[in-house]
Amino acid sequence: FPVTIKAQMNRVTITKGQGGLGKEFPSQDHVSGIIFFGTKPVGFGMDTVKKVTSLLEAENFGLTAGAYPVENYQISEFYRQNEGADLYIGYFATPGTWNFAELTTLQNTAGGIIRQVAIYAPTRTNANLSTDLAALQTVINALFVAHKPVQVLYAVNIGAVTDLSTLPDLRALNAPAVSVVIGQDGAGAGDTLYTSTSITCIGAILGAGYRDWE
């Protein structure tokens, strides 16, 4: 049977697991989140956050390739890289003010255990990056103080950019817990989905970037 041993101060706690088959995650580093904006699937009901452990579970909540092709693609790419991991999916109405309170809602719903979150915001553009990164870091700082630390991947729409050298220089910003994702599949499913709005590979990066627990 899998056994977990935790040492806290002068106390050692031993937890004997059940079964013994399948992968045991030794930490919560595999717990991720992803945030989308728009009209959520009917399958979410009154909730804005759902926890899944597979693409099939996400599709059962309505995030199918037919109804939500981009969202389905990102979740599929996450699980292609990170099979069996816990993923909290947040689906929120497009905000009028982008203060990223949705990140706090997602983390609080998960009980503060999410380690990394991808935020796909195709209605935002490269012109919003400086403001958005500052706002995101403010939320992340507050979560850190609340003992709910998280790292963020952020993707916006740069579909109108023809010269990457014109993208804003973000090196002077103080947003160490946020990484901007602009990479995109150039020949596969991501390329097929692309018309004029950036799809990005944020789902794959979320899945591939945090596998130290394997």
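Just so it is clear, the values below take in all heavy atoms, side chains as well, and ignore hydrogens, waters and symmetry mates. Index from 1, following the sequence. Everything numeric here is computed off the predicted structure, so don't read it as measured data.
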Hey, are Ser165 and Asp163 close enough side-chain-wise for a donor-acceptor pair under 3.5 Å? yes
Sub-3.5 Å donor-acceptor pair from the side chain of Gln184 to the main-chain atoms of Ile199, do we have one? yes
Locate the shortest heavy-atom distance separating Ala204 from Arg80; write the atom from each residue and the value. CB-NH2, 4.3 Å
To the nearest 0.5 Å, what is the distance between CG (Leu143) and CG (Asn108)? 7.0 Å
Kindly work out whether a path of hydrophobic side-chain contacts (I/L/V/M/F/W/Y, heavy atoms less than 4.5 Å apart) joins Leu170 to Val178. yes
For Pro41, which residues count as a side-chain contact (heavy atoms from CB on, under 4.5 Å) partner, sequence neighbours excluded? Phe44, Leu63, Tyr68, Tyr91
What do the steps show when you test Val139 against Asn99 for side-chain contact (heavy atoms from CB on, under 4.5 Å), and what is the final call? CA-CA 8 Å; Val139 175; Asn99 57 16; 5.9 Å; no
When rounded to the nearest 0.5 Å, the distance separating CG of Leu106 from OG1 of Thr48 is 8.5 Å
Just by modelled atom types, is the Val117 backbone N or O under 3.5 Å from a matching donor or acceptor in the Gln151 side chain? no
With heavy-atom distances below 4.5 Å as the criterion, would you say the side chains of Asn72 and Glu59 are in contact? yes
Are side-chain heavy atoms of Leu193 and Pro69 found at a separation under 4.5 Å? yes
With side chains defined as the heavy atoms from C-beta onward, is the minimum distance between Gln74 and Ile202 less than 4.5 Å? yes
Keeping the roles fixed (side chain from Asp47, backbone from Val49), state whether a donor-acceptor pair exists under 3.5 Å. no
Take Ile119 and Leu153 through the test side-chain contact (heavy atoms from CB on, under 4.5 Å) and record every step on the way to the result. CA-CA 6 Å; Ile119 301 177; Leu153 301 171; over 6 Å; no
Leu103 CG to Thr138 OG1 distance, which is reported to the nearest 0.5 Å: 11.5 Å
For Lys50 and Gly43, indicate whether the former's side chain and the latter's backbone hold a donor-acceptor pair under 3.5 Å. no
So Leu55 and Ser76, side-chain contact (heavy atoms from CB on, under 4.5 Å) or not? Walk me through it. CA-CA 6 Å; Leu55 174 62; Ser76 174; 3.8 Å; yes
Side chain of Ser198, backbone of Thr200: donor and acceptor closer than 3.5 Å? no
Could you check if a side-chain atom of Phe78 sits within less than 4.5 angstrom of a side-chain atom of Ile34, using non-hydrogen atoms only? no
My understanding is that only one of Ile182, Thr125, Thr166, Leu129 makes a side-chain contact (heavy atoms from CB on, under 4.5 Å) with Ile158; could you say which? Ile182
Are the side chain of Thr104 and the backbone N or O of Phe100 linked by a donor-acceptor pair below 3.5 Å? no
When hydrophobic residues are tied together by side-chain contacts of less than 4.5 Å, even through go-betweens, does Val42 share a cluster with Phe92? no
Say whether, by atom type as modelled, one donor and one acceptor occur between the side chain of Asn141 and the main chain of Gln137 under 3.5 angstrom. yes
Ignoring hydrogens and angles, tell me if any N or O in the side chain of Gln107 forms a donor-acceptor pair with the backbone of Ile114 under 3.5 Å. yes
Tell me, please, which residues at least two apart from Phe61 pass ring pair (Phe, Tyr, Trp, His ring centres under 6.0 Å). none
Run Ile140 and Val152 through side-chain contact (heavy atoms from CB on, under 4.5 Å) and show every step you take. CA-CA 8 Å; Ile140 293 167; Val152 170; 3.6 Å; yes
Output yes when a side-chain donor or acceptor of Asn82 lies under 3.5 Å from a complementary backbone atom of Tyr79, and no otherwise. no
Where the side chain of Asp86 meets the backbone of Val31, is there a donor-acceptor pair that is under 3.5 Å apart? no
Given the side-chain rings of Tyr120 and Tyr73, with only the six-membered ring counted for Trp, is the space between their centroids under 6.0 Å? no
Heavy atoms of Lys51 and Glu57 approach each other most closely as O-OE1, 4.0 Å
Pair Ser32-Gln116, side-chain donor/acceptor within less than 3.5 Å: yes
With a 4.5 Å cut-off on side-chain heavy atoms, are Pro95 and Thr97 touching? no
Nearest 0.5 Å, what's the CG-CG distance between Asn157 and Asn126? 8.0 Å
What distance separates Phe37 CZ from Thr123 OG1, expressed to the nearest 0.5 Å? 7.5 Å
Ile113 versus Tyr88: any side-chain heavy-atom pair under 4.5 Å? yes
So, using salt bridge (Lys or Arg N to Asp or Glu O under 4.0 Å) as the criterion, who are the partners of Asp132 when residues are at least two apart? Arg124
Are the side chains of Leu87 and Ile89 in touch, meaning some heavy atoms are under 4.5 Å apart? yes
Measuring from Leu136:CG to Ser179:OG, what's the distance to the nearest 0.5 Å? 11.0 Å
Nearest heavy atoms of Leu206 and Gly33, plus distance in Å: CD2-O, 3.5 Å
